[in-house]
Amino acid sequence: MTMNRIRTSTRRTFRRVHILPSLLTVGNFSCGFISIVLCLNALFFSTRAQILEEQPSATNSVVQAASIDPDLGVEERKARRNILALETVPGARARTGFLFHWACIVIFFGMVFDMLDGKIARAMGASTPFGTELDSLADVTTFGIAPAIIVNTISLAVMPASYAWWSQVITFGLIFAICAVLRLARYNIESGTADKNIFSGLPSPAAAGCVVSAVLIAQGDYAWVDTVASWLVGLPFLGEEVAQVKARLLAVFLLVPGLLMVSTVPFVHVSNRYLSGKKSFTILVLAVLLLVLIWHEPRLMLFICFNGYMLAGLVLWVRNRFRNATPPADSGTVAGAPAGAGLYVASSGKAGESSPTANGSGSSGSSGSSGSSGSASVIDVPGQTGETKASSVHGAAGGSGSGEDR
């Protein structure tokens, strides 16, 4: 009877799912799948361009054999010209870059779906274990596997004969994908107890954004990128062409966001911290300005936003670790307190509202200290230094306050 009840309950659970959040999560997965398919198509056209470049006679024969018939209509003639363009080296190269570009763009659409499904699920009260697992599977595909395949196919397109380096590129992509899987598995376990405003480790959408935005910068027409890559041409393990240098640097760059995903470096949850609830008017103005800049220069601004977010988290983490590693100065006794053990009460009110009391007994010298905005008490324990003193802060309303005040 017990097993039948469990089976009946399980069937009822899977018969009733929340449609809208699930559809958004499926949209996230679809973006990752489409990105992978676009990469495979781009690799096909890249290979086609290499074949036509090695055999120019084949290109001429194809163009001559497929001459445009003057009796064809306008639409048919246009379609025939497009086919002929793909049978040339410049046309195949342009098609390759176009497909790689959209393989990166759909990853950002997947981020939008990923953000919306969580927001809508919480607003509808539709957060379920099924939705959590489905979201993780979609994130693995879109933010873990797809970026690694983009970098790997770009490397294969420019270095098809470099087998030794190609095996290393596969290794870098595999490390990135494995780190994404481990990061999402850990997030599912810690999501119920973790701080909603802080990520432990770089979130997988941000890691994918760092990689994909770097790919867009490398594929874009930026003179300063080509200049930097030309300086590195000829160095060991970087290649003899600018395109090879870019591809290999992208492959090495996979390790940085990949390892940060499985680290414990804290990163701010931008959506919960700055976009949820009522915020100041300044944040709205900055958000609108940022959207306008992204619309005006999407490649550069997306690269700055995602990689700046990653760099800011690292800088804050290093600064906090350095501060915690510095031992605090031992002041011995509190300023203004007697040399012996005792209780020193310092009120945030007037100067005359506090008085030292010997041997820890007695009360403050004025009743106004209890009605002030707040008071701090430091208890000196005999035989202990200033580092082990216990301090407590009590608010006027009994010590309660918001999370930012505590």
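Worth saying up front: this structure is predicted, and the values here are computed from it rather than measured.
Within the 4.5 Å cutoff, the side chain of Thr264 has heavy atoms near those of the Arg186 side chain. Contact annotation: the side chain of Pro266 never approaches that of Phe199 to less than 4.5 Å [non-hydrogen atoms, C-beta and beyond]. At a threshold of 4.5 Å between non-hydrogen side-chain atoms, the residues Ile217 and Trp224 count as touching. At a threshold of 4.5 Å between non-hydrogen side-chain atoms, the residues Phe109 and Asp114 do not count as touching. Counting heavy atoms from C-beta on, the side chains of Leu250 and Leu254 never come closer than 4.5 Å.
Distance check, rounded to the nearest 0.5 Å: OG of Ser35 to CZ of Phe100 gives 10.0 Å. Atom CG of Leu99 and atom CG of Leu38 lie 6.0 Å apart (nearest 0.5 Å). Asn28 contributes atom CG, which lies 4.5 Å from atom CZ of Phe143 (distance to the nearest 0.5 angstrom). Note that OG of Ser46 is 12.5 Å distant from CG of Asn41, once rounded to the nearest 0.5 Å. To the nearest 0.5 angstrom, Ile154 atom CD1 is 14.0 Å from Gln244 atom CD. The structure places CZ of Phe45 at 10.5 Å from CZ of Phe98, a figure rounded to the nearest 0.5 Å.
Arg323 places no side-chain N or O within donor-acceptor distance of the main-chain N or O of Val318, the cut-off being under 3.5 Å.
What you find for Arg183 and Gly201 is that their closest heavy atoms are NH2-O, 3.5 Å. When every heavy atom of Val233 is checked against every heavy atom of Val245, the shortest pair comes out as CG2-CG2, 3.9 Å. Ala218 approaches Lys246 most closely through the heavy-atom pair O-NZ, 3.1 Å. Closest approach of Val211 and Pro257 over heavy atoms only: CG2-CG, 3.8 Å. Closest approach of Ser230 and Thr227 over heavy atoms only: OG-O, 2.5 Å. Looking at every heavy atom in both residues, Cys179 comes nearest to Gly258 through CB-O, 3.0 Å.
Ring orientation note: the planes of Phe267 and Tyr309 are tilted relative to one another, at an angle of 30° to 60°.
Take Ser22 and apply the side chain to side chain contact (heavy atoms under 4.5 Å, CB included) test, not counting sequence neighbours, and it matches Phe130, Leu134. Under the side chain to side chain contact (heavy atoms under 4.5 Å, CB included) criterion, Ser136 pairs with Asn188, not counting sequence neighbours. Residues passing the side chain to side chain contact (heavy atoms under 4.5 Å, CB included) test with Ile149 are Ile36, Cys39, Ile145, Thr153, sequence neighbours excluded. Taking Asn320 as the reference, nothing meets the side chain to side chain contact (heavy atoms under 4.5 Å, CB included) condition, with sequence neighbours excluded.
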Exercise. Is there a side chain to side chain contact (heavy atoms under 4.5 Å, CB included) between Leu260 and Leu314 once you walk through the steps?
Worked result: CA-CA 9 Å; Leu260 283 176; Leu314 280 174; 3.6 Å; yes

Residues 280-304 side chain polar contacts: donor-acceptor under 3.5 Å, at least two apart:
from   : atom 1 : to     : atom 2 : distance (Å)
Glu297 : OE2    : Tyr222 : OH     : 2.6
Arg299 : NH1    : Leu216 : O      : 2.7
Arg299 : NH2    : His101 : ND1    : 3.2

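Aromatic ring centroids of Phe306 and Phe108 lie under 6.0 Å apart.
In this model, no donor atom of one side chain and acceptor atom of the other lie less than 3.5 Å apart for Ser204 and Asp139.
Every pair tested for salt bridge (Lys or Arg N to Asp or Glu O under 4.0 Å) that includes a residue from residues 306-319 fails, sequence neighbours excluded, so the list is empty.
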